[in-house]
*Asks:* 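Right, I'll just put the structure down here and ask away after.
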Number of protein chains: 2
Amino acid sequence: MNERLWFFRGGARGDFRVTALRAIRGESLPEVERLAVEREGPEAGATFTLRGVVSNERYLARSERAELAAVQAAIGRPEARHGALIPIRKSAEWWALPQDERRAIFEERSHHVAVGFRALPAVARRLHHCRDLGADEPFDFLTWFDFSPEDGQRFDDLLGALRETLEWQYVEREVELRVER
Amino acid sequence: MNERLWFFRGGARGDFRVTALRAIRGESLPEVERLAVEREGPEAGATFTLRGVVSNERYLARSERAELAAVQAAIGRPEARHGALIPIRKSAEWWALPQDERRAIFEERSHHVAVGFRALPAVARRLHHCRDLGADEPFDFLTWFDFSPEDGQRFDDLLGALRETLEWQYVEREVELRVER
């Protein structure tokens, strides 16, 4: 068992009630009532299963990481009863870019870290990578967020700001799944 | 089937005869007679199976990639009858470094691209990533090389130079498997 691997199963069970599910770009996911977020667990009864691994950082410099680490919260605070799963797939064009150009689009031109920083510490985030799992996966990333009900607007603002960036022009599929615990 | 996923199976079958197998650092792999390099194929009869995905570049800038692309050869030239599989695992310390520091160790301090460039176009190379496959994999990378018998010394020089770099101080397991087709 890989401790970095997480499963997101949509279906009839799970700690989270799905309050909204919509496609932002491309194909949606099937409507489900609940979402289970777990390291293992029975596949049975799941309408869909997405999986991803927590991995090393791909773009952050040490100074940026230190700034984030100083304020960010971990997933799972008791008061963070609202959450969202945002599965994303980026285009072949994105993946064909060399590292320096992806980094420049990510931060120097899209300010991904700076935009995310504005939502801290209210919004906690855990990023999972799917693209190199070996199987053909429907998404490249699964990002899992949680926040308290009062911070919902802050989270909406974060999503809105990211979706207007140059980086998001390389997103060819995105689904937004909102949940409550 | 993921077109980027490759299997390296050591055992009694395969296009390549194993001429040497030794641990450079850490635990070795079982002795085998032959190596099969394939996208699919029967697991049956394999003494070990390693697998990895060809993925996006993690460190190369556009200028470096263009310089390499102008001279490098693809795996599988008819005259490239000698080859090597080099499975590597890097330390937790390496993976905990931020992107800018891994890049600096990789190129500015270890000259990985520049050292590799000296072996071009004689030595062809294909890099496979294993760390984010989801399962617990024994290695982080599998690098597959081929070259003509006359270029064996050039390949040995490449390995020797890389193993003296700062980057290689983060390698905690390395096996060298030499083959002939």
Side-chain angles (χ1 to χ4, degrees), chain A residues 1-8 39-40 49-69 89-108 112-113 127-142 170, chain B residues 1-8 39-40 49-69 89-108 112-113 127-142 170:
Chain A
M1 181 176 144
N2 182 331
E3 290 288 326
R4 297 188 287 113
L5 179 65
W6 288 86
F7 294 88
F8 296 84
R39 287 216 167 84
E40 325 189 70
T49 296
L50 302 175
R51 59 194 190 114
V53 286
V54 176
S55 187
N56 59 292
E57 283 148 9
R58 307 296 162 90
Y59 301 111
L60 284 194
R62 177 170 293 268
S63 57
E64 293 161 341
R65 188 169 72 174
E67 283 177 41
L68 291 173
R89 187 175 66 227
K90 283 180 170 168
S91 66
E93 186 190 358
W94 171 263
W95 293 114
L97 290 172
Q99 178 70 24
D100 58 340
E101 295 187 10
R102 274 181 282 107
R103 156 69 201 193
I105 293 169
F106 174 86
E107 190 56 22
E108 283 71 23
H112 192 132
V113 174
L127 176 65
H128 311 75
H129 294 255
C130 326
R131 185 165 185 264
D132 288 342
L133 279 172
D136 272 323
E137 299 289 330
F139 297 100
D140 293 331
F141 306 102
L142 312 172
Y170 293 89
Chain B
M1 179 177 147
N2 182 329
E3 290 288 325
R4 298 188 286 114
L5 179 66
W6 288 85
F7 295 88
F8 296 84
R39 287 217 166 86
E40 325 188 68
T49 295
L50 302 174
R51 58 193 191 115
V53 286
V54 176
S55 187
N56 58 294
E57 283 149 10
R58 307 296 162 91
Y59 301 111
L60 284 195
R62 177 169 292 269
S63 57
E64 293 161 341
R65 188 169 72 173
E67 283 176 41
L68 292 174
R89 187 175 65 227
K90 283 180 169 168
S91 66
E93 187 191 356
W94 170 263
W95 293 113
L97 290 173
Q99 177 70 25
D100 58 340
E101 295 187 10
R102 274 182 281 107
R103 156 68 200 193
I105 293 169
F106 174 86
E107 189 57 22
E108 283 71 24
H112 192 131
V113 174
L127 176 65
H128 312 76
H129 295 255
C130 325
R131 185 166 186 264
D132 289 342
L133 279 172
D136 273 324
E137 299 289 327
F139 297 99
D140 294 331
F141 306 102
L142 311 173
Y170 294 89

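Just so we're on the same page: letters track the sequence lines, and every chain starts at 1.
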*Asks:* Under 3.5 Å, is there a donor-acceptor pair between the side chain of A:Arg102 and the main chain of B:Glu57?
*Replies:*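 Answer holds: yes.
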*Asks:* Please determine, among A:Arg131, A:His129, A:Glu101, the option with the most heavy-atom pairs under 4.5 Å with chain B.
*Replies:*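 Top option by heavy-atom pairs under 4.5 Å: A:Arg131.
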*Asks:* Go through A:Val54, A:Leu60, A:Leu97 and name the one with the most non-hydrogen pairs under 4.5 angstrom from chain B.
*Replies:*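 Most heavy-atom pairs within the cutoff with chain B belong to A:Leu60.
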*Asks:* What part of B:Leu133 is in contact with chain A, defined as an atom under 4.5 angstrom from a non-hydrogen atom: side chain, backbone, both or neither?
*Replies:*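 The answer is both parts of B:Leu133.
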*Asks:* Give the member of A:Asn56, A:Leu5, A:Val53 that has the highest number of heavy-atom pairs under 4.5 Å with chain B.
*Replies:*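 That would be A:Asn56.
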*Asks:* Flag the one option from A:Arg58, A:Glu3, A:Arg51 with the top tally of heavy-atom pairs under 4.5 Å to chain B.
*Replies:*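 Looking at each option in turn, the highest pair count goes to A:Arg58.
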*Asks:* So, applying side-chain contact (heavy atoms from CB on, under 4.5 Å) with B:Gln99, which one of A:Arg65, A:Gln99, A:Glu64 is it?
*Replies:*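 So, applying the side-chain contact (heavy atoms from CB on, under 4.5 Å) to B:Gln99 and each of A:Arg65, A:Gln99, A:Glu64, only A:Gln99 qualifies.
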*Asks:* Using non-hydrogen atoms and a 4.5 Å limit, figure out which bit of A:Arg4 sits close to chain B: side chain, backbone, both or neither.
*Replies:*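 For A:Arg4, side-chain heavy atoms alone lie under 4.5 Å from chain B.
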*Asks:* Who among A:Asp132, A:Asp100, A:Asp136 has the most heavy-atom pairs with chain B under 4.5 Å?
*Replies:*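 Maximum pair count with chain B is reached by A:Asp132.
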*Asks:* Chain B heavy atoms under 4.5 Å from A:Arg103: which part of the residue, side chain, backbone, both or neither?
*Replies:*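 Answer is neither: A:Arg103 stays 4.5 Å or more from chain B.
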*Asks:* Using heavy-atom distances under 4.5 Å, tell me whether A:Ala61 contacts chain B through its side chain, its backbone, both, or neither.
*Replies:*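 Both parts, backbone and side chain.
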*Asks:* Let me know if B:Arg62 has heavy atoms under 4.5 Å from chain A in its side chain, its backbone, both or neither.
*Replies:*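 Both parts, backbone and side chain.
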